[in-house]
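In listed order, ligands and their atoms are each counted from 1.
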Amino acid sequence: MRHYAERIFVMYAGRVVESAPVDDLLDHPQHPYTQALLAAIPDAANATRLREVPAGEPPSLLHPPASCRFHPRCPHFMAGLCDVEDPPDFEPRRDHRSACWLHR
Ligand code: SF4
């Protein structure tokens, strides 16, 4: 994607959770789901080690989790916030948006 796109939009369960210019997103991923996606990319450096992946399965799109849709799988889950209020788009870096309460 680095060679084809100007901007990347990352979606989880039907919602855009992060967007940024391609280099900034790949070099500085902000949302826990994006970080998990990038950590799972196989390459020569990680071919022989197990990679951390979020527990669980992608949710049903007919009945997605309330509030942050990634909250049942997120390693940074904050009870009483992530499962109660839908995070808005924050801008933790210039022109780089992430829908995650970690950036409030
Ligand atoms: S809002 Fe909470 S559950 Fe959702 S990605 Fe951010 S820290 Fe994880």
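Between the side chains of Ser98 and His31, not a single donor N or O lies within less than 3.5 Å of an accepting N or O. At a cut-off of 3.5 Å, with distance as the only test, no side-chain donor of Asp83 or His71 sits close to an acceptor on the other residue.
Applying the 4.5 Å side-chain rule to ILVMFWY residues, one finds Met1, Ile8, Val10, Val17, Val22, Leu25, Leu26, Tyr33, Leu37, Leu38, Ile41, Phe70 in the same cluster as Tyr12.
Looking only at distances, a side-chain donor or acceptor of Glu91 sits under 3.5 Å from a matching main-chain atom of Asp95.
Annotation: salt bridge (Lys or Arg N to Asp or Glu O under 4.0 Å) contacts of Asp23 (sequence neighbours excluded): Arg2. Residues passing the ring-ring contact (aromatic ring centres under 6.0 Å, His included) test with Phe9, sequence neighbours excluded: none.
Here the protein contributes Cys82 SG as N, O or S atoms under 2.8 Å from atom 2 (Fe) of ligand 1.
Every atom of ligand 1 with a heavy atom of His31 under 4.0 Å away is listed here by number and element: 5 (S).
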